[in-house]
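Data first, discussion second: the structure below is written as structure tokens.
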Amino acid sequence: MWAALRFHLLPAIKLYLLGFKVLLAQLLNKPLKLPVMPRQHGKVAIVTGGGRGIGYEVVRHLARLGAHVIIGGRDEQEGLAAIKRICEEYKEAKVEFEKLDLASLQSIQQFAESFKKRNLPLNILVNNAGVMLVPEGRTKDMFEQHFGVNYLGHFLLTWLLLDTLKDSGKSDHVSCVVNVSSSAHSIGTIRLNDLNSCQHYSAHAAYCQSKLGQVLFSSHLHQQMQREGFPVVSCAVDPGMTPEEGAATVLSAALSPAMDGDPAGGYWANGRREMTTLPTFDPQLPLSLWEISLQLLGLQ
């Protein structure tokens, strides 16, 4: 009985209490406003899940700033409808849709190969798409859905596009990877011996684990890029509860090097860089997760 309580009820209680706290804070604070953003002419961005919600708002604003934006998503009809709305609002917008199913490693590989064949730069990669609190199930490659889509799918996509990000970055305008995580990462636990939640399944725990995984991945990638001297920064973002404010924080993180010359990456919430949860300061955990991810994907 205690095991059932521990692995099923407690994660749900923690997540809903956290959600209430975040919502209350957002209601009490002034609404976030987009700062003045630099023009993005000549820049290329990929936004996963850009057909709706936070992703749509990010695409919309990047297009307004003059970037060439590619929406990567499963639902072509939704993506094309989003493009139509954006182009009606901004006549000069350059936005397109490409099929991308993050629950399929083959689809991710095909998306990355198709993009690289076009010889375009890649200045901004926003890993935004995801699933939340879905019933127990597996991706096409038999990974638990939260872990497979939210974390591992974006890990592979970033890995496959990393050389393009490196080549596109410059010392005065670095490329940026933004992982859209959640405040839920703060109550997540990485179970390195059970990343696929085979021993015990809780949708709440699996979701929080995937969001913590994104923060750890983002931190490790940023440190690796800085250590090796590549013009790429990586940051994780807590978007909050509404698409407009979530987009403001994502854009602030993605464009911060251009706005203030600060390529520090880090963790962002409420429109600014903030401290993050304690597990990310364990130097071994991000590295262990990174190495296991490479093994799971056959990249090592």
Side-chain angles (χ1 to χ4, degrees), residues 32-73 79 82-98 100 111-112 115-116 118-129 154 157-158 161-180 218 222 225 230-237 239 243-266 268 271-273:
L32 284 178
K33 292 184 178 180
L34 277 174
V36 176
M37 299 282 184
R39 299 294 296 172
Q40 297 296 304
H41 287 297
K43 302 297 190 297
V44 177
I46 292 174
V47 180
T48 69
R52 61 179 174 177
I54 293 168
Y56 170 78
E57 292 296 329
V58 171
V59 172
R60 176 173 163 263
H61 286 292
L62 285 173
R64 176 179 60 85
L65 294 170
H68 174 185
V69 190
I70 298 168
I71 296 172
I83 291 171
K84 182 180 178 181
R85 293 197 304 275
I86 292 170
C87 291
E88 286 173 350
E89 187 176 2
Y90 309 117
K91 301 299 182 185
E92 303 301 318
K94 191 172 185 180
V95 188
E96 56 185 292
F97 174 87
E98 290 289 341
L100 172 62
F111 176 90
F115 177 81
K116 288 190 285 188
R118 301 175 64 180
N119 293 317
L120 291 170
L122 179 57
N123 308 99
I124 299 170
L125 172 61
V126 180
N127 292 322
N128 164 76
H154 282 128
L157 179 65
T158 305
L161 295 175
L162 196 52
D163 284 343
T164 307
L165 286 159
K166 292 175 184 177
D167 293 340
S168 304
K170 303 290 186 293
S171 59
D172 60 341
H173 195 101
V174 299
S175 299
C176 189
V177 178
V178 180
N179 288 293
V180 181
S218 181
H222 181 76
M225 293 297 98
F230 290 111
V232 179
V233 300
S234 172
C235 52
V237 168
E244 295 81 4
E245 296 199 3
T249 302
V250 171
L251 290 164
S252 295
L255 302 182
S256 63
M259 289 191 292
D260 56 26
D262 180 8
W268 288 69
R272 61 185 182 274
R273 188 178 287 107

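Numbering starts at 1 and runs along the sequence shown.
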- Item | Expected output: side-chain Thr48 to main-chain Gly72 donor-acceptor under 3.5 Å | no
- List in chain and number order the residues that pass side chain to side chain contact (heavy atoms under 4.5 Å, CB included) with Pro243, two or more places apart in sequence or in another chain; answer none if no residue qualifies. Ile54, Glu57
- Task: Could you grab the distance from atom NZ of Lys94 to atom CD1 of Ile83, nearest 0.5 Å is fine?
- Result: 13.0 Å
- Item | Over 12 non-hydrogen atoms of neighbours within 6.0 angstrom of CD in Glu92 | no
- Rounded to the nearest 0.5 Å, what's the gap from CD1 on Ile46 to CZ on Phe111? Could you check? 4.0 Å
- Item | Intermediate values then yes/no, side chain to side chain contact (heavy atoms under 4.5 Å, CB included), Leu157 and Leu100 | CA-CA 10 Å; Leu157 179 65; Leu100 172 62; 4.2 Å; yes
- Look at atom NZ of Lys116 and say whether more than 12 heavy atoms of other residues, nucleotides or ligands are closer to it than 6.0 Å. yes
- Looking at Val69 and Ala63, what are the two nearest heavy atoms and their distance? CG2-N, 3.9 Å
- Value rounded to 0.5 Å, distance of CD1 in Ile71 from OH in Tyr56: 9.0 Å
- Query: Say you draw a straight line from CZ of Arg64 to CZ of Arg39; how long is it, rounded to the nearest 0.5 Å?
  - Reply: 7.5 Å
- Message: Measuring from atom CG of Leu125 to atom CG of Asn179, what distance do you get when rounded to the nearest 0.5 angstrom?
- Response: 7.5 Å
- Item | Main-chain N/O of Leu165 paired with Ser175 side-chain donor or acceptor, under 3.5 Å | yes
- So which heavy atom on Gly42 is nearest to which on Pro121, and how close? O-CG, 4.3 Å
- Dump the intermediate steps for side chain to side chain contact (heavy atoms under 4.5 Å, CB included) on Leu162 and Phe230, then the final yes or no. CA-CA 10 Å; Leu162 196 52; Phe230 290 111; over 6 Å; no
- Note on the structure: Looking only at heavy atoms, the pair that brings Ala93 and Cys87 closest together is O-SG, 4.1 Å
- Give the C-alpha distance, both sets of side-chain angles, the deciding distance and a yes or no for side chain to side chain contact (heavy atoms under 4.5 Å, CB included) between Leu62 and Lys43. CA-CA 9 Å; Leu62 285 173; Lys43 302 297 190 297; over 6 Å; no
- Item | Contact summary for Ala253 and Ser256, nearest pair of heavy atoms | O-OG, 3.1 Å
- Verdict with supporting geometry, Met37 and His61, side chain to side chain contact (heavy atoms under 4.5 Å, CB included): CA-CA 9 Å; Met37 299 282 184; His61 286 292; over 6 Å; no
- Of the options Asn123, Val233, Leu255, which is the one that meets Cys176 in a side-chain contact (heavy atoms from CB on, under 4.5 Å)? Val233
- Item | Nearest non-hydrogen partners of Ile124 and Leu122, listed with the distance | O-CD1, 3.4 Å
- Item | Over 12 foreign heavy atoms within 6.0 Å of NZ, Lys166 | yes
- Message: I'd like to know whether CZ of Arg52 has more than 12 heavy-atom contacts from other residues, nucleotides or ligands below 6.0 angstrom.
- Response: no
- Task: Kindly compute the distance separating CG (Leu251) from CH2 (Trp268), expressed to the nearest 0.5 Å.
- Result: 11.0 Å
- Query: Within the side chain of Asn128, is there an N or O that forms a donor-acceptor pair under 3.5 Å with the backbone of Gly49?
  - Reply: yes
- Query: Any idea which heavy atoms bring Pro239 and Val180 closest together, and the distance?
  - Reply: CG-CG1, 3.8 Å
